[in-house]
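Convention: sequence-line order gives letters A, B, ...; per-chain numbering from 1.
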There are 2 protein chains.
Amino acid sequence: MASRRISELTDHLGYWLRLVSNHVSTTFARRLEGKGVTVAEWVVLRELYDVEALAPSRLAEAMGMTRGAISKLSERLLAKALIDREADAGDGRAHMLSLSAKGRRLVPELAALADENDKQFFEHLSAKERVEMRRMLEKIVDARQLKDIPVS
Amino acid sequence: MASRRISELTDHLGYWLRLVSNHVSTTFARRLEGKGVTVAEWVVLRELYDVEALAPSRLAEAMGMTRGAISKLSERLLAKALIDREADAGDGRAHMLSLSAKGRRLVPELAALADENDKQFFEHLSAKERVEMRRMLEKIVDARQLKDIPVS
DNA sequence: TATTGTTATACTCTATAACTATA
DNA sequence: TATAGTTATAGAGTATAACAATA
């Protein structure tokens with residue numbers, strides 16, 4: 001058997017994906033800094049925006065994180081008064097998380113930042129290319145059954 | 001002015017990019033675990049494979065990391081005996097990093113894991129789609145002058 | 001003074017596991 | 001016993017800044 005060529009970092013599609021993805025996320029994180037929230041916090045706030053209230057364990061499932069991680073995250077959001085936490089009426093163990101008025105007001109501002117950020121990076125592609133990119137990414141997500149919301 | 005629709009997480013290409021990219025990286029990290037190295041360490045080892053030796057500051061530039069971060073990384077690689085560190089003959093401040101024999105033997109194994117990992121995720125795309133995906137990602141990299149090697 | 005590299009400190013994200021309270 | 005949630009501990013990755021040695 002012939003000895004095989006050692007592949008380079010740039011030989012992998014994963015390399016290019018990571019390069020672009022990390023820049024998109026890092027730039028977004030910088031934008032969010034001005035509003036005092038992290039990317040993970042933005043995801044929580046956006047998740048809560050569409051529902052009345054959500055249990056930490058449900059949030060953990062939706063975000064593909066452990067309960068411990070969610071606990072720490074929500075602690076920070078509570079300290080910033082962006083969410084509220086209440087004991088569940090029925091189940092003494094359960095809690096429910098919901099947006100505070102302040103948090104609810106913030107979400108549209110953050111969504112606008114997310115829009116700007118996405119535009120900044122992907123306006124270099126044509127509308128057709130953007131559709132194509134999304135189609136291919138969703139194809140991989142479906143094929144591999146990727147479910148969690150990416151944060152890191 | 002009409003009130004604007006609040007965009008969803010999934011409205012952004014950055015979301016899909018991050019979702020796939022994080023899964024590719026996390027899965028790769030699991031594969032590397034078996035060899036006792038992290039993704040960041042793999043990048044360092046692969047960078048050193050093609051050169052005789054490299055100063056930490058050059059490595060920091062190439063990887064888009066601070067010198068402090070590289071220092072910590074190379075400390076771990078030294079502890080694992082995968083690299084060597086020598087004082088520079090000419091400049092008393094400077095050091096040079098290079099692969100140890102053990103590190104050099106390991107790189108082809110890690111490269112094979114990287115190949116497998118990339119295949120696993122992108123075999124769901126046709127050869128033509130893969131070319132297209134790479135072309136679009138490189139287009140963004142060029143347009144936005146993204147230079148660093150992504151690690152996180 | 002400027003540069004190279006290390007070290008100290010800190011923060012985010014994440015996981016595992018121990019723990020408390022309740023069911 | 002099982003579940004919901006918190007807390008403790010740990011480790012990777014990152015940044016900033018202080019520091020030592022040398023230029």
Rounded to 10°, tell me the angle between the two end axes of the helix from dT1(C)-dA23(D) to dA23(C)-dT1(D), each built from five pairs. 30°
How long is the line joining [atom1] of [X] and [atom2] of [N], in whole Å?
{"X": "R30(A)", "N": "dC11(C)", "atom1": "CZ", "atom2": "P", "value": "17 Å"}
{"X": "E75(A)", "N": "dC11(C)", "atom1": "CD", "atom2": "C1'", "value": "14 Å"}
{"X": "L32(B)", "N": "dG11(D)", "atom1": "CG", "atom2": "P", "value": "19 Å"}
{"X": "E33(A)", "N": "dT14(D)", "atom1": "CD", "atom2": "C1'", "value": "12 Å"}
{"X": "D91(B)", "N": "dT3(C)", "atom1": "CG", "atom2": "P", "value": "12 Å"}
{"X": "L59(B)", "N": "dT4(C)", "atom1": "CG", "atom2": "P", "value": "14 Å"}
{"X": "E61(A)", "N": "dG5(D)", "atom1": "CD", "atom2": "P", "value": "10 Å"}
{"X": "R67(A)", "N": "dA8(D)", "atom1": "CZ", "atom2": "C1'", "value": "15 Å"}

Establish whether L97(A) and V51(A) are linked, either directly or via other cluster members, by ILVMFWY side-chain heavy-atom contacts under 4.5 Å. yes
Would a single hydrophobic cluster contain both L78(A) and V43(A), if residues Ile, Leu, Val, Met, Phe, Trp and Tyr are joined by side-chain heavy-atom contacts under 4.5 Å? yes
Counting C-beta onward and ignoring hydrogens, is there a side-chain heavy-atom pair between V24(B) and R18(A) closer than 4.5 Å? no
With nearest nucleotide decided by heavy atoms, which residue, E41(A) or G68(A), maps closer to the 5′ end of DNA chain C? E41(A)
Nearest heavy atom decides the nucleotide; on that basis, is K72(A) or R93(A) closer to the 5' end of DNA chain C? K72(A)
Closest to the [X] side chain: [options]?
{"X": "M65(B)", "options": "dT14(D), dT4(C), dG5(D)", "value": "dT14(D)"}
{"X": "S71(B)", "options": "dG5(C), dT6(D), dT7(C)", "value": "dT7(C)"}
{"X": "S57(B)", "options": "dT6(C), dG5(C), dG5(D)", "value": "dG5(C)"}

[X] side chain to [Y] backbone, donor-acceptor under 3.5 Å:
{"X": "R130(A)", "Y": "F122(A)", "answer": "yes"}
{"X": "D142(A)", "Y": "K139(A)", "answer": "no"}
{"X": "S71(B)", "Y": "R67(B)", "answer": "no"}

Kindly say if [X] contacts the phosphate of [N], meaning a side-chain N or O under 4.0 Å from OP1 or OP2.
{"X": "T38(A)", "N": "dC13(C)", "result": "yes"}
{"X": "T66(A)", "N": "dA15(C)", "result": "yes"}
{"X": "R76(B)", "N": "dG13(D)", "result": "yes"}

State plainly whether the residues E132(A) and R135(A) are in salt-bridge range, i.e. N to O under 4.0 Å. yes
